[in-house]
2 protein chains.
Amino acid sequence: MHYIGIDLGGTSIKGAVVTEGGTILKEASCPTQRELGPEHVAREIAGLITALAEGYDPQAIGGVGVGCPGIVEDHSGIVRYSANLHWENFDLRAAVQKYSGYTVRLANDANAAALGEVVAGCAQNVDSAVILTLGTGVGSGVVLNGKILTGCTGGAAELGHMVVEDGGALCACGRKGCFETYASATGLIRMAKEAMAQHPESLLHATAAEVGDVNGQTIFRAKEQGDPTAVAVVERYIHYLSVGIANVINCFYPEVVALSGGIANQGEALLAPLREAVAPQVYGNQYLQTHTRILGCTLGYHAGIIGAAMLPTAL
Amino acid sequence: MHYIGIDLGGTSIKGAVVTEGGTILKEASCPTQRELGPEHVAREIAGLITALAEGYDPQAIGGVGVGCPGIVEDHSGIVRYSANLHWENFDLRAAVQKYSGYTVRLANDANAAALGEVVAGCAQNVDSAVILTLGTGVGSGVVLNGKILTGCTGGAAELGHMVVEDGGALCACGRKGCFETYASATGLIRMAKEAMAQHPESLLHATAAEVGDVNGQTIFRAKEQGDPTAVAVVERYIHYLSVGIANVINCFYPEVVALSGGIANQGEALLAPLREAVAPQVYGNQYLQTHTRILGCTLGYHAGIIGAAMLPTAL
């Protein structure tokens, strides 16, 4: 059986035909013309599904799934809210069905990506995994026994919006001190800018002035070169990341917590000190024989497509 | 089919024969003589099981479960650590089997109590519930689709050990700023004592001096009498409780979050302002049509026994 997965993003719609085992057989994509409104975008998704299905026996298509940014309800088929798409209460399932004939299953895009990593990526063959994407925000998805944790609304697994420092940095969601405000790339850059302002003599400051920008890569590079300001920034960042990940482990105790997104590309330079910082914060760590493995994701943007394709089997 | 549930506590071992629907048919208990060591306690549990099973057709006993404080692994049968019992790596299943012939299923006592409330208490007929016990610490259990969330070790659902204020009050677990340090009865009393020291003129201070003690009841009573110090303490407490509960909802989005323990006896005096404080902190609250209900538990100590009895069906 084959499945079709669509990853709807703010700038592009990506899709693929995927095998049960998560292998991509055929890919296609088109830009997201969100300025033309949700009906238009739904028509584009339908067109992509139709193009992908071409050449396959309809009986061999086990189902179609769509990963969508925002608050997405599979039970109603409605995207309740998507800041990226500027959508509110849009019945995506009905619209895609109208234009393609296919009944799609829906999930938040981060939830779909988490499923993708479980099906075919870093968390294959595990019973429970939490995937965190460290980007503009902190996206997250939780997969338990092969099923996506959606809660009673589709709104579960918003781990980025767990307050870790009450009264701390203001989050886009309105709370103060959300994990996302510290552990996102945005959070890292904010902390770096604060530190650079205090330390204009730092290598971090000089590099940023030279490149005209400060980002995850320049911060980690300055740290590797021994710049004390960059070292302190990265330590602070890893501290917050460890607090949030330890919280996640104390909630779910999954077999795997895996990181994706730009910052996660730092690999072991990030993961090794992170594991060390997380361990003592895990409840019962010294008594338990089994420990959550903290890994890097392996599928990149394919995680979202593969996961979306597998939604019909995992909701 | 009937089930036998045992709730092992630091001071007493309580047990019952329970129907599939969670009705208690027969109860028994004995003191926990923990000073005589784990083998002795296991023998006492075995004796209680045997006494409870008496008069029932062995074929009609569908299974036996034990709820135990601490870090408990059902897959191995081992209690990895229990501060209350002073146990480390004790094979409780093997010991109980040796003395009773019954193979018991194991869970952390708070997890078992959560299951009890789902089977027969405030969260009957819901797909997902989180139960928080506001006592010396914050006990917690998560039930998803009728199954206890144990994670890969039995160590999941330690929601009290989620940091909500990084660098805050020191928790017994070693972290700083755990939810438990603010939302437990202990946390409330600590905040009250701090406020009383600053406001010796307060009614709260006078009441405490009169009664010779400060506890949840005296704090809420002084608040009802309009004492500004007590009002501020309760507001602060409810704030922290709301931060943790909103975190829990953003993680799990369960149908129900329910509270038990001494503080929860305040009923609507606690729950009404709490609901108001939680709502704006829930991610996507204004867009979602379904909201987590925040309730009081209804089973009292029976929750732990009923839940333990149902462990053979819910692990």
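Every chain is numbered from 1, with letters handed out A, B, ... down the list of sequences.
Taking SG of B:Cys152 as the start and CG of A:Leu288 as the end, the distance is 8.5 Å to the nearest 0.5 Å.
Looking at A:Ile78, neither its backbone nor its side chain comes within 4.5 Å of chain B, counting heavy atoms on both sides.
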Scan the chain B/chain A interface and emit each donor-acceptor pair under 3.5 angstrom with its distance.
unit_1	atom_1	unit_2	atom_2	d
B:Cys152	N	A:Tyr253	O	2.9
B:Ala157	N	A:Asn250	O	3.3
B:Ala157	N	A:Cys251	O	2.8
B:Glu158	N	A:Asn250	O	2.8
B:His161	O	A:Asn250	ND2	2.8
B:Val163	N	A:Asn247	OD1	2.7
B:Val163	O	A:Asn247	ND2	3.0
B:Val164	O	A:Asp166	N	2.9
B:Asp166	N	A:Val164	O	2.9
B:Asp166	OD1	A:His239	NE2	3.1
B:Asp166	OD2	A:His239	NE2	2.7
B:Arg175	NE	A:Gln281	OE1	3.3
B:Arg175	NH1	A:Asn247	OD1	2.8
B:Arg175	NH2	A:Val243	O	3.1
B:Arg175	NH2	A:Asn247	OD1	3.3
B:Arg175	NH2	A:Gln281	OE1	2.8
B:His239	NE2	A:Asp166	OD1	3.1
B:His239	NE2	A:Asp166	OD2	2.7
B:Val243	O	A:Arg175	NH2	3.1
B:Asn247	OD1	A:Val163	N	2.7
B:Asn247	OD1	A:Arg175	NH1	2.8
B:Asn247	OD1	A:Arg175	NH2	3.4
B:Asn247	ND2	A:Val163	O	3.0
B:Asn250	O	A:Ala157	N	3.3
B:Asn250	O	A:Glu158	N	2.8
B:Asn250	ND2	A:His161	O	2.8
B:Cys251	O	A:Ala157	N	2.8
B:Tyr253	O	A:Cys152	N	2.9
B:Gln281	OE1	A:Arg175	NE	3.3
B:Gln281	OE1	A:Arg175	NH2	2.8

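With respect to chain B, the highest number of heavy-atom pairs below 4.5 Å among A:Pro254, A:Pro280, A:Cys251, A:Gly284 belongs to A:Cys251.
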**Message:** Go through it in stages, so that I can follow the logic: the residues are A:Val164 and B:Val164, the test is side-chain contact (heavy atoms from CB on, under 4.5 Å), and I'd like the CA-CA distance, side-chain angles, deciding distance and then a yes or no.
**Reply:** CA-CA 4 Å; A:Val164 296; B:Val164 296; over 6 Å; no
